[in-house]
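Input: a single structure, listed below in structure tokens.
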Amino acid sequence: MDADVSTEPRAPTGTHDVLWPESWRWEELTASFARQVERANYGLVVSPMFEYAEIFRRGIGVDSDVVGKEMYEFADRDGRVIALRPEGTASVARAFIERRPTIPWKAWYVTPAFRHERPQAGRYRQHHQLGVEVLGSADPELDIEVVTIAADFIEGTGVRKVELKVNSMGDATCRPAYVDRLREDLEKRKALLCDDHRGRIGGNPLRILDCKTAECQAAIEGVPKLVDSLCDPCAAHFRRFREGLDELGVSYTLDFRLVRGFDYYSRTTFEFTAHSIEAAQNAVGGGGRYDGLVEMMGGPPTPGIGFAIGIERLLLAASAEGTMHEHPPPPDAFVVDVVGGGAARGIVTELRRAGFRVDRAFDGRSMKAQMKLADRSGADVALIVGPEEQASGVVTVRTLRRHGGQCTVPRSGVVAEMHRRGHDGDE
RNA sequence: GUGGGCGUAGCUCAGCAGGUUAGAGCGCCAGGUUGUGGCCCUGGAGGCCGGGGGUUCAAGUCCCCUCGCUCACCCCA
């Protein structure tokens, strides 16, 4: 299974290098997310990308596909079983249990997530998530806050064809009873289910609700809904949640089939589906409440709620809708040095120290070649130093945008000239 | 884990029913313009035709295997 060493090196299956200019959109997205959540007083949490595998087994659940068959697990040199984080919530919960920050603890993160799956459009073995978690409060106001932040962030990227689906999964008092009733009901419709699910009613029948096959979709017509079977506290929580979204103008659809795959979810669940993504994997974000998670992991009873947004998928939607195509700012100046490169060295350093964005050529290229590079860099001006300029202590300043005019300024006045041209030079 | 499609220059792809030194566009480099970018012209570099085996006088082209990419199922961001 080792890679063929006779061929060129490759990134591991399902991983990708993100290069400029694509990487610029990543920077923008992350910066925009940070602005969004920090306005709501969420603080960045940086936690390890790997944990003792046990953390994820207890947090996410051994029955989930993610833990059961997709985790990157290995023994480290001390023999401890380590797993690369397949998602962010369990790690954050572990950090909470260990550090006990004051509640409600409002945290945000940006992290890679690793799952050994077969890659396809919008699904990778290493993908990246932006997310928030709030621990220590069961207040439905937080469900509203968290969903609204996610919705506003997505809208801020310019992506419009997104549907917010919401559902409630109930809690330990009402869900088990519902699951029993659902199992009973599905048992009667067993013959109608698709091949994959016909024999799996005994397992988690909730999964069948989410099945995409025409057979299952037809079969579950008229099946009892969890939202209609919620206990009073769960029903009240869900009602308050929806009223809050209504009041804030956050539009959503109720989707009783929305059942999230991790064991820790309770009550509110939600998902953002991008209809502009042609591929099958069109969920750009999702999350929900997980009131039992912290306790299940060995911490004090602590409710929580959060969401994660997939960077790759959100960018997929942005591409499909033609948004987020801003370019990084081009250099303010490009230094063309035809006297050996030493003059450029001084000029670029002086300008950079003054806060300007400046690039130059290397390798002793011809003047023509350097001008070409200057042009393609998108710089406003070329600062040219040839033998004549060097002899008289000046620099030629040539405008590159449109038909460039040019003038000469004293070498000592280059920074002042750049300021005069309207670049403030202070980032 | 299962199935479909595809692997030819840095990129996007031609390569007709197997037949001479494997092509184009874009990009890159150089020159035309011995101190000036964009447009144009000329030239150049760059290909284990994914890898291995087989059929054949002859394989980029046909067959088998393998690796990889891709799309989909399952599930998820």
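Just so you know, these numbers come straight off a predicted model, no measurement behind them. A note on names: the letters A, B, ... follow the listed sequences, proteins ahead of strands, and every chain is numbered from 1.
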> Just by protein heavy atoms under 4.0 Å, how would nucleotides 28-34 of chain B read 5' to 3' in B, S and -?
Replying inline: SSS-B--
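- Between the A/D337 side chain and the A/A343 main chain, a donor and an acceptor come within less than 3.5 Å of each other.
- Across residues 273-286 of chain A, A/A279, A/A280, A/Q281, A/A283, A/V284, A/G285, A/G286 each have a non-hydrogen atom less than 4.0 Å from an atom of RNA chain B (numbered order).
- Residue A/E22 contributes atom CD, which lies 17 Å from atom P of B/C11 at whole-angstrom precision.
- Nucleotides B/G60 and B/G50 are separated by 12 Å at their C1' atoms, to the nearest Å.
- Distance check on atom C1': B/U21 versus B/G32 gives 30 Å, rounded to whole Å.
- Counting non-hydrogen atoms under 4.0 angstrom, A/H16 reaches the backbone sugars and phosphates but no base.
- For the residue pair A/H237 and A/D143, a side-chain donor N or O sits within less than 3.5 Å of a side-chain acceptor on the partner.
- Taking atom CG on A/L130 and atom P on B/A77, their separation rounds to 14 Å, with Å as the unit.
- Where stacking is scored as ring centres under 5.5 Å apart with planes under 30°, A/H127 registers as stacked on the base of B/A77.
- Counting only N and O atoms by type, the side chains of A/Q126 and A/T15 include no donor and acceptor under 3.5 Å apart.
- Taking for each of A/H116 and A/E388 the nucleotide of RNA chain B with the nearest heavy atom, the 5'-most of the two is the partner of A/H116.
- Here, B/U20 and B/A59 have their P atoms 11 Å apart, quoted to the whole Å.
- In this model, a donor atom of one side chain and an acceptor atom of the other lie less than 3.5 Å apart for A/S91 and A/E51.
- A/T408 and A/E389 are not linked by any side-chain donor-acceptor pair at a separation below 3.5 angstrom, with hydrogens and angles left out of the test.
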> For A/R183 and A/D180, what are the C-alpha separation, side-chain angles and deciding distance, and is it a salt bridge (Lys or Arg N to Asp or Glu O under 4.0 Å)?
Replying inline: CA-CA 5 Å; A/R183 190 175 285 130; A/D180 288 344; 3.6 Å; yes
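- A/F272 comes within 4.0 angstrom of nothing in the nucleic acid, heavy atoms only.
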>> Quick one, A/E54 with A/R94, criterion salt bridge (Lys or Arg N to Asp or Glu O under 4.0 Å). Give me CA distance, side-chain angles, the key distance, then yes/no.
In response: CA-CA 11 Å; A/E54 191 58 23; A/R94 191 229 80 227; over 6 Å; no
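- By the ring-ring contact (aromatic ring centres under 6.0 Å, His included) test, A/F241 is found to be paired with no residue, residues two or more places apart in sequence or in another chain being considered.
- Atom CG of A/L258 is separated from atom P of B/C75 by 14 Å (rounded to the nearest Å).
- At a threshold of 4.0 Å, the pair A/R257-A/D255 counts as salt-bridged, since one of the basic side-chain nitrogens sits closer than that to a carboxylate oxygen.
- Spacing between B/G46 and B/G37 at atom C1', rounded to whole Å, works out to 25 Å.
- Comparing the P positions of B/U8 and B/C48 gives a spacing of 12 Å, expressed to the nearest Å.
- Between A/D375 atom CG and B/G27 atom P there is a gap of 13 Å when expressed in whole angstrom units.
- For the 3.5 Å distance criterion, the side chains of A/Y42 and A/E145 qualify, holding a donor opposite an acceptor.
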> Once Watson-Crick and G-U wobble pairs under 3.5 Å are found, how is RNA chain B written in dot-bracket notation, 5' to 3', with | for any base paired to another strand?
Replying inline: (((((((..((((.....[...)))).(((((.......))))).....(((((..]....))))))))))))....
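- Sequence order on RNA chain B of the closest nucleotides to A/G310 and A/V338 puts A/V338 first from the 5' end.
- The residues A/R421 and A/E417 are annotated as salt-bridged, a charged nitrogen and a carboxylate oxygen being separated by less than 4.0 angstrom.
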Under-3.5 Å N/O pairs linking protein and nucleotides 2-7 of chain B:
residue: B/U2; atom: O4; partner: A/R118; partner atom: NH1; Å: 3.0
residue: B/G3; atom: O6; partner: A/R118; partner atom: NH2; Å: 3.4

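- Following rounding to the nearest Å, A/E312 (CD) and B/A77 (C1') show an atom-to-atom distance of 8 Å.
- The side chain of A/T396 contributes no N or O atom lying less than 4.0 Å from OP1 or OP2 of B/G35.
- Checked by distance alone, A/E389 brings a side-chain donor or acceptor within 3.5 Å of a matching partner on the base of B/G35.
- Taking the P atom of each, B/G18 and B/G27 are spaced 36 Å apart, rounded to whole Å.
- B/C49 and B/C6 have their C1' atoms separated by 14 Å, given to the nearest Å.
- Screening residues 19-38 of chain A for salt bridge (charged side-chain N to carboxylate O under 4.0 Å, His left out), with sequence neighbours left out, gives A/E22-A/R25.
- Across all strands shown, A/G122 has heavy atoms under 4.0 Å from base atoms, whether or not it also approaches the sugar-phosphate.
- Taking atom CD on A/Q120 and atom P on B/A77, their separation rounds to 14 Å, with Å as the unit.
- At distances below 3.5 Å, at least one donor-acceptor pair connects side-chain atoms of A/E87 with backbone N or O atoms of A/T89.
- Distance check, rounded to the nearest 0.5 Å: NE2 of A/H327 to CH2 of A/W20 gives 8.0 Å.
- Applying the 3.5 Å distance criterion, the base of B/U36 shares a donor-acceptor pair with the side chain of A/Q406.
- For B/C16 and B/A72, the C1' atoms lie 33 Å apart once the distance is rounded to whole Å.
- Checked by atom type and distance alone, the side chain of A/E321 pairs as donor or acceptor with a backbone atom of A/K161 at under 3.5 Å.
- Across all strands shown, A/I384 has heavy atoms under 4.0 Å from base atoms, whether or not it also approaches the sugar-phosphate.
- Distance A/M71 CE to B/A77 C1': 17 Å, rounded to the nearest Å.
- Of all non-hydrogen atoms in A/A274 and A/V284, the two that sit nearest each other are CB-CG1, 3.6 Å.
- At the heavy-atom level, A/E87 lies nowhere under 4.0 Å from the strands shown.
- Taking atom CD of residue A/E117 and atom C1' of nucleotide B/A77, one finds them 10 Å apart after rounding to whole Å.
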